[in-house]
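Here the structure comes first, spelled out in structure tokens, and everything after it is commentary.
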Amino acid sequence: MKYLVRDKIFAIGDDYWIEDEQGRHAFLVDGKAMRLRDTLELKDPDGQVLVTLRQKMFSLRDAMTIERDERPLATIRRKRLSLLRDHYRVTLVEGTGLDISGRVLDREFTVEYDGELLAHISRRWFHVRETYAVNVVREDADAALLVAVAVCVIRMAERERED
């Protein structure tokens, strides 16, 4: 399943829809203004919060956390610096992890679990420059989590580029 994201640099407080392949609203990214730290909520079309994305405070390295039902689900950190590819690690609370690698700022990267492709994020499928897709490859994968991971990693890379 591909999810379409209209790409732009979002300020805190900005909301935007992510659509499915048929053009239906799949997820709402709700930016929370007036918070001490960068906070986003990923909601379903009915307004139910699926996951909350938060900038981790007082961290030596830039990190974001993903929470579900107000409990930690995962932490995302830059893994290592490379000239050609970005590498991030998503550490899930149960101890497993996801690896993100590719060119994040170009919107060309993958999310893998133990070497198996879970999602591919790409602009190549669209002619509109400010659009990219999150293609969730496995049917049994948590689409909300993978979309949240893509949003977090892009946000972290954009913030790092600004610094």
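Please read these numbers as outputs of a predicted model, since none were measured by experiment. Position 1 is the first residue of the sequence, and the numbers go up from there.
- Between Asp20 and Lys2 the shortest side-chain heavy-atom distance does not fall below 4.5 Å.
- Under the salt bridge (charged side-chain N to carboxylate O under 4.0 Å, His left out) criterion, Glu19 pairs with Arg6, not counting sequence neighbours.
- In summary, Asp106 and Arg85 do not engage in a salt bridge, as defined by a charged side-chain N under 4.0 Å from a carboxylate O.
- A distance-only check finds a donor-acceptor pair linking the side chain of Asp86 to the backbone of Val104 [under 3.5 Å].
- For Glu116, the side-chain hydrogen bond (donor to acceptor under 3.5 Å, both in side chains) criterion is met by Arg138, not counting sequence neighbours.
- In this structure, the side chains of Leu145 and Val51 stay at 4.5 Å or more apart for every pair of heavy atoms.
- Taking the side chain as every heavy atom from C-beta outward, Asp15 and Val29 never approach each other to under 4.5 Å.
- Atoms CD and CG, on Glu21 and Leu4 in that order, are 10.0 Å from each other to the nearest 0.5 Å.
- With a 4.5 Å cut-off on side-chain heavy atoms, Asn135 and Ser122 do not count as touching.
- Note on Val49: it does not cluster hydrophobically with Ile66, by side-chain heavy-atom contacts below 4.5 Å among ILVMFWY residues.
- For Glu139, the side-chain hydrogen bond (donor to acceptor under 3.5 Å, both in side chains) criterion is met by no residue, not counting sequence neighbours.
- In this structure, Leu28 belongs to a hydrophobic cluster whose other members, linked by side-chain heavy atoms under 4.5 Å apart, are Trp17.
- The minimum heavy-atom distance linking Ser101 with His87 is given by the pair CB-ND1, 3.4 Å.
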For this session: Let me see the working for Arg77 and Tyr88 under side-chain contact (heavy atoms from CB on, under 4.5 Å), right down to the final yes or no.
Result: CA-CA 6 Å; Arg77 285 190 170 85; Tyr88 290 82; over 6 Å; no
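- Evaluation of the salt bridge (charged side-chain N to carboxylate O under 4.0 Å, His left out) test over residues 44-53, restricted to residues two or more places apart or in two chains, returns none.
- Heavy atoms only, all atoms of each residue included: Met156 and Arg78 are closest at CE-N, 4.3 Å.
- Applying the under-4.5 Å side-chain rule to Ile, Leu, Val, Met, Phe, Trp and Tyr, the cluster around Leu117 extends to Val137.
- Under the ring-ring contact (aromatic ring centres under 6.0 Å, His included) criterion, Phe27 pairs with Tyr3, not counting sequence neighbours.
- The existence of a salt bridge linking Arg124 and Glu108 is confirmed by a sub-4.0 Å separation between a basic side-chain nitrogen and an acidic carboxylate oxygen.
- Contact of the Thr39 side chain with the Leu53 side chain is not registered, since no non-hydrogen atoms from C-beta on lie closer than 4.5 Å.
- Ile76 contributes atom CD1, which lies 7.5 Å from atom CE of Met64 (distance to the nearest 0.5 angstrom).
- Atoms CD and CG, from Gln55 and Leu40 in turn, are 10.5 Å apart once rounded to the nearest 0.5 Å.
- Listed by chain and number, the residues in a salt bridge (charged side-chain N to carboxylate O under 4.0 Å, His left out) with Glu112 amount to none (sequence neighbours excluded).
- Taking 4.0 Å as the cut-off between side-chain N and carboxylate O, Arg54 and Glu70 do not count as a salt-bridged pair.
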For this session: In sequence, state the C-alpha distance, the side-chain angles, and the governing distance for Arg123 and Tyr132, and then conclude on side chain to side chain donor-acceptor pair (under 3.5 Å).
Result: CA-CA 4 Å; Arg123 276 194 170 137; Tyr132 68 92; over 6 Å; no
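- Here the rule is side-chain contact (heavy atoms from CB on, under 4.5 Å) with Lys79, and of Val90, Asp99, Ile100 only Asp99 fits it.
- The minimum heavy-atom distance between Pro45 and Ala26, with the atom names listed, is CD-O, 3.3 Å.
- Not counting sequence neighbours, Arg71 has no partner by the salt bridge (charged side-chain N to carboxylate O under 4.0 Å, His left out) test.
- The shortest distance between side-chain heavy atoms of Lys43 and Leu50 does not fall below 4.5 Å.
- Considering only heavy atoms from C-beta on, Leu146 comes within 4.5 Å of Leu118 through its side chain.
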Hey, can you pull the donor-acceptor pairs under 3.5 Å for the side chains in residues 91-98, sequence neighbours left out?
residue, atom, partner, partner atom, Å
Glu94, OE2, Thr96, OG1, 3.0

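- In this structure, the side chains of Thr131 and Val5 stay at 4.5 Å or more apart for every pair of heavy atoms.
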